[in-house]
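Comments concern the structure below.
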Amino acid sequence: MAKRLDLKDVDIYYGKFHAVAGVTLSVPPRSITAFIGPSGCGKSTVLRTLNRMHEVIPGATVDGQVLLDGEDIYATSVDPVSVRRTIGMVFQRPNPFPTMSIRDNVVAGLKLMGVSDKKKLDELAERSLRGANLWNEVKDRLDKPGGGISGGQQQRLCIARAIAVQPDVLLMDEPCSALDPISTLAIEDLMSELKKEYTIVIVTHNMQQAARVSDQTGFFNLRATGEPGKLVEIDDTEKMFSKPSEKATEDYISGRFG
Amino acid sequence: MNDPAVSGTSTGTGLTSAGRGLPDEPNVPEAGAKVPESPQPPAGNTTGTATFTQRGDKIFKAMAVGSGGFIVFLIGAIGLFLLIQALPPLLSNQVNFLTSREFQVSDPADLRFGILDLLLVTIEVSLFALVLAMPTALGIALFLTQYAPPRFARPLAYIVDLLAAVPSIVYGLWGLLVLAPAIAPLAVWLQSNLGFIFVFAEGTAKAEFGSTLFTAGIVLAVMILPIITAITREVFSQTPRTLIEGALALGATRLEVIRYAVFPFGKSGYISASMLGLGRALGETIALTIIVAAVAANFAGSLFSGGASFASKIALAANEFSNPTLTGAYIAAGLMLFVLTFAVNALARTIIARSGAQA
């Protein structure tokens, strides 16, 4: 189930623009890795290369290796669609399919994988909704459209949708930035539970959030606009927030960022 | 004992806040002074801008209300005109206007006119055009928004839009002189192999000559294609990026992205676009007038028939509008077309409203 991710010398481009340079890092299984850094430093871009979502933008390319338990997901024989089926993703803004019912939203990924047995789908829908701490709130209105619940509930619905297919890795791109503090807390609690089964990588602008939920933290930065973003350092979260090895990290974390 | 303690703490807090207030004191009177001040000098300014905005607002409102009212008035006036002109001949009509297939108006003393044939022809040829145009437009719109690389998509969309710029008389001539002979083999084949279905049965015109509703329907389909395609393409291209990425991140293929994100988002727009196309097909005149053969026999449902729609019937008789009674009979037919188009538009609105509520 949960697998490890290794990035080796990953360079990411938008057309000719060199967005991120030379990222090498490891994400151990059953843990939460947080990416922090200023806007435009490429942390979301790195996240989107991990399930080959980066390349859906015209002209976007990736160099280097991204290994999922040792297998390169960018090998020529690998179909990006199958990568996305094993590496789930939750986005910044909740994006359930608005006209689809809550149940159909949850099982959408399963249906894409060819599961059609209704009983099994219902079972998995319940399990995923329970896994996303949403079951009790929506169990009486599973047939109502997914766009009709609150933003926090929608985001948990998206998490349920992502974990329904039991992915090897779960990527989260600022999953709480559009949510209120209570919904944020609900999702942070959920993450700590999910890491028992899944490998999680999260991008966040909220350093307290990174400090609260993650096991290791990577700090990205860029020297100037127009230059590629770089991974400054990655280490245990505790160490990163107490005595990081790089001065840039310390400046950023302590708010002396210029 | 409790009370004084509580009041003690409260005075304590009061004191601290007062103490805290001390350094702020210069600010407090300033803020206090600001309060009465602020209505004064800005007040003069505000009233100045307010009257200006209000006048501009009033003029703009009058224009907006006027334009809105004018369109309602216009529609009402057209309806009233049709009704007033149509009433006298309707009253002296010798047959039932809605159920008769006759259209004899040459003798003002013995008017016999009904619209059943016109109605059936109009609806059948328009629906046939819609059946052909809807899937084609959907395919083109999906191709342009989801598959074609951007640098091809734009010129291609432009070409589709150009179809709308071709005058309908040109479509009529093309249909009669080019399309009809070209599709004659297909028409004959359909009639001999699928003749058991009533729309392909033997009709009142010869399939191989092509002056049929079949040919006219295909021409109509080409004519309404651009409007359906343009609107559908526009709606599809507005599918939120987050929805598309949501589907992609679940491991959806391109077709599945369309099924899960693009089509559900654009469905109501597609339907309303089709209804607009249908409205256009219902009222199309000149192409039908040129292509479809005039026949005396009643319409029996086959596409391989001659006949006339509301609009082409009126157009064909236009040079005989000599006396008001005769003209009024055709105007009555025009009134029915007006009502029919109105109903189709209302239906489109209902569909949009309902699917809008769902989304």
Side-chain angles (χ1 to χ4, degrees), chain A residues 44 47-48 50-59 79-101 104-114 144-148 154-155 157-165 167 169-173 178, chain B residues 138 141-157 232-233 235-274 350-359:
Chain A
S44 287
L47 191 77
R48 289 165 62 92
L50 303 185
N51 66 341
R52 300 193 63 169
M53 278 297 285
H54 174 65
E55 66 204 64
V56 305
I57 296 162
D79 180 3
V81 167
S82 67
V83 170
R84 294 180 202 133
R85 283 179 187 179
T86 54
I87 302 183
M89 188 164 203
V90 176
F91 294 81
Q92 190 170 352
R93 299 202 151 269
N95 59 349
F97 302 117
T99 51
M100 221 180 249
S101 73
D104 287 346
N105 258 293
V106 179
V107 299
L110 291 161
K111 279 186 173 167
L112 288 174
M113 291 169 83
K144 294 279 182 323
Q154 287 188 18
Q155 192 63 304
L157 177 58
C158 292
I159 294 176
R161 181 173 75 178
I163 62 176
V165 295
V169 179
L170 189 58
L171 309 176
M172 299 176 131
D173 189 357
Chain B
L138 182 66
L142 286 176
F143 173 72
L144 291 177
T145 55
Q146 307 299 317
Y147 289 90
R151 68 200 154 102
F152 290 124
R154 209 156 302 148
L156 269 174
T232 310
R233 175 175 56 90
V235 176
F236 283 171
S237 69
Q238 281 170 5
T239 312
R241 188 86 210 140
T242 56
L243 276 189
I244 294 177
E245 293 200 333
L248 279 173
L250 284 175
T253 60
R254 220 166 230 194
L255 177 65
E256 287 159 344
V257 169
I258 291 169
R259 259 183 44 210
Y260 278 73
V262 179
F263 190 69
F265 177 81
K267 194 171 67 183
S268 64
Y270 171 55
I271 292 172
S272 64
S274 304
T350 325
I351 293 171
I352 298 163
R354 202 187 303 150
S355 51
Q358 254 176 25

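Only heavy atoms go into these numbers, but all of them, side chains included; no hydrogens, no water, no symmetry mates.
Residue A:F97 touches chain B through both its backbone and its side chain, counting heavy-atom pairs closer than 4.5 Å. There is no contact between A:L110 and chain B, counting heavy-atom distances below 4.5 Å. Both the backbone and the side chain of A:R161 have a heavy atom closer than 4.5 Å to some heavy atom of chain B. Using a 4.5 Å cut-off between heavy atoms, A:P58 does not touch chain B at all. Heavy-atom distances place both the backbone and the side chain of A:V81 under 4.5 Å from chain B.
No other option in B:G246, B:A252, B:P149, B:G251 has as many heavy-atom pairs under 4.5 Å with chain A as B:G251. Interface summary for chain A: among B:P264, B:A261, B:A247, the most heavy-atom pairs under 4.5 angstrom belong to B:A247.
Using a 4.0 Å cut-off between charged nitrogen and carboxylate oxygen, A:R84 and B:E256 do not count as a salt-bridge pair.
Counting heavy atoms from C-beta outward, B:R259 and A:L112 have side chains that stay 4.5 Å or more apart. Annotation: side chain of B:L248 is not in contact with side chain of A:P80 (no heavy-atom distance under 4.5 Å).
Atom CG of A:N105 is separated from atom OH of B:Y260 by 10.0 Å, given to the nearest 0.5 angstrom. The line from CG of A:N95 to CD1 of B:I244 is 11.0 Å long, rounded to the nearest 0.5 Å.
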- Message: Go through it in stages, so that I can follow the logic: the residues are A:K111 and B:L250, the test is side-chain contact (heavy atoms from CB on, under 4.5 Å), and I'd like the CA-CA distance, side-chain angles, deciding distance and then a yes or no.
- Response: CA-CA 10 Å; A:K111 279 186 173 167; B:L250 284 175; over 6 Å; no
